[in-house]
Amino acid sequence: LNFLLRVQQEGFRRWWRATCMDISAKELLLQRQRAAILVLLRQRTQHAMAIAHSLWSLLEKAFRGFSCGVSEDSDAEPRPCRASRASRHARHVAGRKNVERVLR
């Protein structure tokens, strides 16, 4: 029984050391600071990606609006330009999937 107790204690010590649960307070503070910096970098990157996506979406809509109103015959009336509801929904669903993929 004493032998089994020592084996269990040694296994626990190895696990404790392997999982770094015995680090000093200074090392723990350093790891928390690094983790905080990584979280900030991730949030800023996600924010920058969201702004870039919004910008490109607005530019695409503006270009589509300008190009739909232009015709080869300058005297002709501008032709209306409306995307179908199905294509708008498909783009919205695809955009949501991209956002979900980025947020993972």
Undergrad: As a test of understanding, state which of His47, Arg42, Gln43, Met49 forms a side-chain contact (heavy atoms from CB on, under 4.5 Å) with Thr45.
TA: Met49
Undergrad: So, taking the atom named CG in Leu38 and the one named CD in Gln33, what distance separates them when rounded to the nearest 0.5 Å?
TA: 12.0 Å
Undergrad: Which residue, Arg6, Gln8, Arg13, forms the side-chain contact (heavy atoms from CB on, under 4.5 Å) with Glu10?
TA: Arg13
Undergrad: Can you measure from CG (Leu41) to CD (Gln46) and round to the nearest 0.5 angstrom?
TA: 11.5 Å
Undergrad: Testing Arg34, Lys26, Arg32 for side-chain contact (heavy atoms from CB on, under 4.5 Å) with Leu30, which one passes?
TA: Arg34
